[in-house]
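For the numbers below, each heavy atom of this structure counts, side chains included, while hydrogens, waters and symmetry mates do not. Chain letters run A, B, ... following the sequence lines, proteins first, then strands; residues in each count from 1.
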Protein chains: 2
Amino acid sequence: MRGTPAVSIRDVAVRAGVSVGTVSNVLNQPEVVAAATRVRVLAAISELGFVPNDAARQLRRGRSRTLGLVVLDVANPFFTDVAKGVEYATGQAGMAVIFCNSDGDPAKENAYLDLLEEQRVQGVLITPVNTPINGLDNRLHRLRNRGVRVVLLDRRSTQSDLCSVSVDDRLGGELAMRHLIEKGHRRVAFVGGPHDLEQVRDRYDGVVQALATFGLSEGQHLRRLETPALTVAAGRDAAARIVGTPREGRATAVFCANDLLALGVLQGLTRQHVRVPDDIALVGYDDIDFAAAAAVPLTSVRQPRASLGQTAATLLLEEANDPDHHRHRQVVFEPELIVRESSDRPAGHAAG
Amino acid sequence: MRGTPAVSIRDVAVRAGVSVGTVSNVLNQPEVVAAATRVRVLAAISELGFVPNDAARQLRRGRSRTLGLVVLDVANPFFTDVAKGVEYATGQAGMAVIFCNSDGDPAKENAYLDLLEEQRVQGVLITPVNTPINGLDNRLHRLRNRGVRVVLLDRRSTQSDLCSVSVDDRLGGELAMRHLIEKGHRRVAFVGGPHDLEQVRDRYDGVVQALATFGLSEGQHLRRLETPALTVAAGRDAAARIVGTPREGRATAVFCANDLLALGVLQGLTRQHVRVPDDIALVGYDDIDFAAAAAVPLTSVRQPRASLGQTAATLLLEEANDPDHHRHRQVVFEPELIVRESSDRPAGHAAG
DNA sequence: ACGAAGCAATGAATCGTTTCATGGAACTGG
DNA sequence: CCAGTTCCATGAAACGATTCATTGCTTCGT
C-alpha cells in the first residue's frame, strides 16, 4: 500500500537493454539517439512509469528549473493577476514558480529569500517590502552575487544594473484627473495615503500635473484627504469626511489612489444617500475585477497586470539564458483609463 | 560580476578544520556536536555565507521539503485565503509550497501534477478539476502509489482511504434560508448554477431543508433561477429577470449561491433603482472580502477558508511524518452566517 | 582489403548532501 | 593500570541524474 520504490533511470536502462547514458540522452537530446533505440527506451519509460527526479538533475546541472515570485499579498487581486502573467511566461518555458507571500513583513520576506536560495532558483521576481532607495537592499544584493537573477516587480529600479518592470503612476493620476476636469469638475478630492508611499505620491503628482495643463490652480480646485492606509475602511471614513463638509464647498468628484479606497468611498456615500455619479463622481485606481462589479460600476485606471508579470518573467528568462549578452532594462508600462458609470456624467447635472 | 562559485559544505569543513560529516551534523542534529566545534563551524558558515543546496539534500534524503497546492483559480479570493492557511501551516514546519493554478483545465492540472511529481513533493493539496466520483481519478491514484500524499481540498472524499477537507454546503444553504424566513420573507429566489455543480446543489438542498423545517412548501415559496455560471455577469442577468416579473409575484429576497452572483444581482438591482434591502433582501455565499465592501454590505455565509487550508496542510504533514499510524480523515467544517445590511430588515417594511 | 570517418552507445566521474560504520580520545570504576 | 563506556569526529558510500571521453560498428573511398 505504501509507495512503490521509485523507478530510476537505471531501471529504465535495464528494461530497455541500454546504458543509463542513453536513457538520459533520450530525455535530453533525443536526436542523437538512433530511432529504434529511442522507441525502445520510450516504451520502457512508459511501462515503468518513470518520472525523472528533478533534484538529481538539478544537482548535476547546477541550476534549477524554478523561479521565485515574492509578492506583498497573495490575497490582493493585483498580485494574483501579475502571478497569472508570470505563470503564463514560465509555463511556456517549462519552468515552475514558487509563489511566496511576504505579507509586507521583512522577516517573512527574508525567510522566503533564504528558502529560494536553498532551492537554487534561477531568479527571483520581487516586490520588495522596503523600497530600495539607493540600489538594492543588501539582501537582494547578496542574492545577485550568488548568481540568482533579480527582477523588481511594480517597482522602478533607479539603477541600470537591474531589470525592473513597473507602471507609470504619474501618468495614471494625470489621466484620471484630466478625465474629471473634462467632465467639468472643478472641486476634486484626492483620497489616498499614507503619502510617503511612492505610488500614492506619484499618482498625486499626476493629478497636479493635469491641473497645471488646464491652467487650474492646485489650491483652489484640489483637496487632499490623506488616509492611513489603502483600504476599504479608510475609504469609508474618507467618505464621511467628504459628506461632512457643507454642500457648497463639497467636492463634486473624488479620485482615489486605489480601488479599495474607492469601494469604501462608494459604500460610505451610499450609506449617506449621496448618489454616484449624480451627486459625486468617483474614480478609482487599479481596475480590479470588483471595480466593474461594484453596485455602480467604477471608473478606474487599469494597469496591465498580466503583462507586468509576463514581462518580468520574460526578462528573467532572457537573462538566465544568455547572461553574457543581457542588458538590464527598466520597462515602464502605460496605464489606461477605463471609464464606467461612476464618473460618466457631466458635473453639476444632478438629476434631482 | 557574475555569480561567485557556490560555497559547498566541503568549503565550510575546510575552513572550520573539520570533516564534512561534522558540518552536516551541525546543520541537522547540532546536539551531537561538541559545543566548541559547533561554534567554529557556525562561524565558518556565516563567514563564507554558506547556504545548503536543497537539491543535494533532497536527493540524498529521498524526499523533498516542499508540497504542492493545486487550485482552480489563483485570482479567486476563496483560494488565496485557503492558500494563506496552507502557507501558515507549512511555514511553521519549514516547508515550501509550490502554488499551482489549474484554471479549471484538466490539461494544466495534469501538467502541474507531472511537475510536482518530478519535484518529488511530499504531498499534494488539490481541488481537482473533475470531481472524483468513485474514489480517485487515475492520475491522483498513480500519484498516491508513488508515495505522494494527496489531500482533497474543498471536496469531500467519499472513500475513507483519503484525507479531505470541506465545508458543509447544505448547512450553509440552510442557515441562509432560515435567516430569510425568520426575517419574514415568503417569496425567495435562489440564484445559482449550473445545477450540476455539487456545491450549488448542496446549497439548494439546504434551502429546501430550511423551508421544510418551517413547514413551508417549496413550490409556493421558492423560485429557482438557474445561472450559466457563478459570475458577476450572470448575477446581473438574474437581477434583470427578477425585476422583470410583476411586483406582486416578485421575490422579496434573493439568495445567491456565491458572492460574485450576489454582487452582480446588487449591481443589476441598483441599476433598476430597486433598493437593497428595502425592496429586496440579498444574501450571498462565501463571504469574500468584497462582500463587506459592497455599496450595501452583503449578508453572506462564511466558510472558514484559512482553516480549510491550514487543516489540509496539517493533515498532510501528519501523514508525512508518521505514515504508519496515520488514519485518513474527512474533515467537514461548519459555515457561519454573517448578517449585514443587505438582509437586515424585516420583510415588507420598504421605507417608501 | 585497409584505413579513415562517422555514428551510436557505453560507463565512469561528478554534483552536494546525508548517513553510518569505524576509530580514537577521554573518562570511569575496580 | 586496565577494561569498559561515553563522547566526538571521521570519511567513504550512496542518492539519481548528466556529461563526456572512449569504444565498437558500419560505411566509404581508394
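- Among all heavy-atom pairs drawn from B/V74 and B/T80, the shortest one is O-CG2, 3.0 Å.
- Of the residues in residues 51-66 of chain A, those with a non-hydrogen atom less than 4.0 angstrom from any atom of DNA chain C are A/L59, A/R60.
- Direction of the helix axis in the helix from C/dA1-D/dT30 to C/dG30-D/dC1 shifts by 40° between the two five-pair termini, rounded to 10°.
- Of the residues in residues 13-40 of chain B, those placing a heavy atom less than 4.0 Å from an atom of DNA chain C are B/G21, B/S24, B/N28, in numerical order.
- Evaluation of the salt bridge (Lys or Arg N to Asp or Glu O under 4.0 Å) rule for B/D81 yields B/R305 as partners, not counting sequence neighbours.
- Between the side chain of A/S64 and the backbone N or O of A/R120 there is at least one donor-acceptor pair closer than 3.5 Å.
- The minimum heavy-atom distance linking B/L315 with B/C163 is given by the pair CD1-CB, 4.1 Å.
- Contacts between chain A and DNA chain C, taken as any atom within less than 4.0 angstrom of a protein heavy atom, begin and end at C/dA8 to C/dG16.
- Considering A/V33, A/L27, A/V32 in turn, A/V32 is the only one that fulfils the side chain to side chain contact (heavy atoms under 4.5 Å, CB included) rule with A/Q29.
- A/V148 places none of its side-chain heavy atoms less than 4.5 Å from the side chain of A/L116.
- Considering only heavy atoms from C-beta on, A/R15 stays 4.5 Å or farther from A/V12 through its side chain.
- Between A/E118 and B/R65, at least one side-chain nitrogen of the basic residue sits less than 4.0 Å from a carboxylate oxygen of the acidic one, meeting the salt-bridge criterion.
- No side-chain donor-acceptor contact under 3.5 Å links A/T311 and A/T314.
- Under 3.5 Å, the side chains of A/R139 and A/N130 contain no donor-acceptor pair of N or O atoms.
- In this structure, the side chains of A/L140 and A/I126 come closer than 4.5 Å at one or more pairs of heavy atoms.
- No side-chain heavy atom of B/F50 sits under 4.5 Å from any side-chain heavy atom of B/D11.
- Between A/R142 and A/E117 there is a salt bridge, since a side-chain N of the basic residue sits under 4.0 Å from a carboxylate O of the acidic one.
- Surrounding CZ of A/R329 are at most 12 heavy atoms belonging to other residues, nucleotides or ligands under 6.0 Å away.
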One pair to check against salt bridge (Lys or Arg N to Asp or Glu O under 4.0 Å): B/K84 and A/D73. What are the steps and the verdict?
CA-CA 10 Å; B/K84 282 193 167 189; A/D73 181 11; 3.4 Å; yes

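- Contact footprint of chain A on DNA chain D: nucleotides with an atom under 4.0 Å from a non-hydrogen protein atom, first to last in 5' to 3' order, D/dG16 to D/dT19.
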